[in-house]
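Quick notes on the structure that follows.
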2 protein chains.
Amino acid sequence: MDTARRAYRRESEETRRADLVAATQGLVAEGGAEAATVRAIAARAGVTAGLIRHYFQTKDELIRAAYRSLMDDMTAKASAALAGAGALPEERLAAFVAASLRPPVLDIGAVVLWAGYMHKVRSDADLLAVHEAAYLSYRDVLQGLIATLPRTADAAQLRSEAIACNAVIDGLWLEGSILSHSFDKGEIVTIGLRSVGAILGVNLLAHCSMLLDTGKTTA
Amino acid sequence: MDTARRAYRRESEETRRADLVAATQGLVAEGGAEAATVRAIAARAGVTAGLIRHYFQTKDELIRAAYRSLMDDMTAKASAALAGAGALPEERLAAFVAASLRPPVLDIGAVVLWAGYMHKVRSDADLLAVHEAAYLSYRDVLQGLIATLPRTADAAQLRSEAIACNAVIDGLWLEGSILSHSFDKGEIVTIGLRSVGAILGVNLLAHCSMLLDTGKTTA
DNA sequence: GCAGCAATTCTGCAATCGTATAATTGGAGC
DNA sequence: GCTCCAATTATACGATTGCAGAATTGCTGC
């Protein structure tokens, strides 16, 4: 037998798509978008390149699916922190902010993965829509938490505040992930809570000292 | 004459390098990193592809030069706004923040170029150093402006505040660039000034209404 | 266990990539 | 205006890319 074909198992469409998406994300996270070639993706997913076209009409379609998956997962992970939080509005907001600024959301791999898609987001209208939807989805959760605070605020003010809080979280997420070595443990979370609190005029740190993990008990 | 060679002019090394860097940035800004092929870069710079290797040993070296140039330019453009500002600390800080949140600093091309190199920043120690230096350089300018405000603040507080203000500017810069269509004109600048003011406990909007350009006179 | 279908592999192709190097030519110095 | 060197063009090469279609094979229903 000179021609020994590679043995394989049939998998459900759902499984295969998930595998291919995961492989794509792993490659982009490690080596940027240029590392995610169809052959590399297939190899990491344990299949051959031709199969990709069986599940995705084009490579761009796979990339889009992978990006959508990443964005959804990040919002989901931050939102999951709400389940363990109490009923107090300040406490819930603080839990959400803190969860967004620590692993697994705060992660250089996630940043690189996210950044690796940026150039596609620019040129691909569909991807831009995915990005916008994910951004607004996260911001809506944030705005919902802000709205429950014991204050009076009209719609326009709520929108402004949500944009601002989202921005400070984004910025801290970025630099905290990239330059993690130059920040003390818990510093990013503390600054995030203090900044969001300052923007909204509430004290998040007071209600939520249990969310901090400074690693050292500085005076 | 069957072989008509293309006519050309000799230029200084300085000019050619600048042209190639500018061509690279333009292409990445328009079409993402994948659009910046050596042939496309050369064509835009008005030369042939071979010349690139005459000035840069490898394409990566050119891209790195373009990245370094981008980072330096962004800080420089924001800092340039200080020259036209008055002597009042609030006014100067506001001018700096506002300049960081509007074109040419607020630019999707800059975001894409910046993002396109995240994965290299992760693995390449030199590039990480470039990023960190640029980040700290910008933050230092910001912290210097914050320190001149008429308040009392110790070193640790100044550091925290600079990180927070930098983060909110970063986040607004990102989303404002990517989703520029979903924000009103001047909205990003206004939110930036209000947020930075809230974090620092000063009113930047009061002193600096001339920095805003809302495009419409809403009541 | 046998048929048949679809999941998967395999092979190939045209295009494009970055790089290397030989062939030219513009322009400065004399 | 001639010389000569470096700036620039031109050409070529091997590798890789996304994509397509034919060939195979694992699995499901009987």
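Just so we're on the same page: letters track the sequence lines, and every chain starts at 1.
With rounding to the nearest 0.5 angstrom, the CG atom of B:L142 is 9.5 Å from the CZ atom of B:R139. Rounded to the nearest 0.5 Å, atoms CZ (A:F183) and CD1 (A:I188) are 4.5 Å apart.
A:T24 places a side-chain N or O within donor-acceptor distance of the main-chain N or O of A:L20, the cut-off being under 3.5 Å. A donor-acceptor pair is defined here as one N or O able to donate and one able to accept, closer than 3.5 Å; such a pair exists between the side chain of A:S182 and the backbone of A:L179. For B:D184 (side chain) and B:E187 (main-chain N/O), no donor-acceptor pair under 3.5 Å exists by modelled atom type. Remark: side-chain polar atoms of B:K59 are paired, donor with acceptor, to backbone N or O of B:A36 under 3.5 angstrom.
Between A:E11 and A:R9, at least one side-chain N (NZ, or NE/NH1/NH2) sits under 4.0 Å from a carboxylate O, which counts as a salt bridge. A salt bridge is defined here as a Lys NZ or Arg NE, NH1 or NH2 lying under 4.0 Å from an Asp or Glu carboxylate O, and B:R44 with B:E30 meets this definition.
At whole-Å resolution of the value, CD1 in B:I41 and P in C:dT19 are 10 Å apart. Going from atom CD of A:E11 over to atom P of C:dT9 covers 11 Å, rounded to whole Å. Atom CZ of A:R5 is separated from atom P of D:dT25 by 6 Å (rounded to the nearest Å). When rounded to the nearest whole Å, the span between CG of B:L51 and C1' of C:dA22 equals 16 Å. Between the CD1 atom of B:I52 and the C1' atom of C:dG18 there is a distance of 10 Å, rounded to whole Å.
Contacts of A:E132 classified as salt bridge (Lys or Arg N to Asp or Glu O under 4.0 Å), with partners at least two apart in sequence or in another chain: none. Remark: A:Y135 pairs with no residue by the ring-ring contact (aromatic ring centres under 6.0 Å, His included) rule, at least two apart or across chains.
Side-chain N/O atoms of A:Y55 include none lying less than 4.0 angstrom from OP1 or OP2 on C:dA7. Not one side-chain nitrogen or oxygen of A:H54 sits closer than 4.0 Å to the OP1 or OP2 atom of C:dT8.
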Considering only nitrogen or oxygen atoms on both sides, find all protein atoms under 3.5 Å from nucleotides 26-28 of chain C and state each distance.
residue, atom, partner, partner atom, Å
C:dG26, N2, B:R10, NH1, 2.4
C:dG26, N2, B:R10, NH2, 2.5
C:dG26, N3, B:R10, NE, 3.2
C:dG26, N3, B:R10, NH1, 3.4
C:dG26, N3, B:R10, NH2, 2.9

Please enumerate all protein N or O atoms sitting under 3.5 Å from an N or O of nucleotides 17-21 of chain D, with distances to 0.1 Å.
residue, atom, partner, partner atom, Å
D:dG18, OP1, A:K59, NZ, 2.4
D:dG18, OP2, A:V38, N, 2.9
D:dG18, N7, A:R39, NH1, 2.9
D:dG18, O6, A:R39, NH2, 2.8
D:dC19, OP1, A:T58, OG1, 2.8
D:dC19, OP2, A:K59, N, 3.1
D:dA20, OP2, A:R53, NH1, 2.3

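Of the residues in residues 13-21 of chain A, A:R16 come within less than 4.0 Å of DNA chain C through at least one heavy atom, sorted by number.
Applying the side chain to side chain donor-acceptor pair (under 3.5 Å) test to pairs two or more places apart or on separate chains, those with a residue in residues 165-180 of chain B are A:H131-B:E175.
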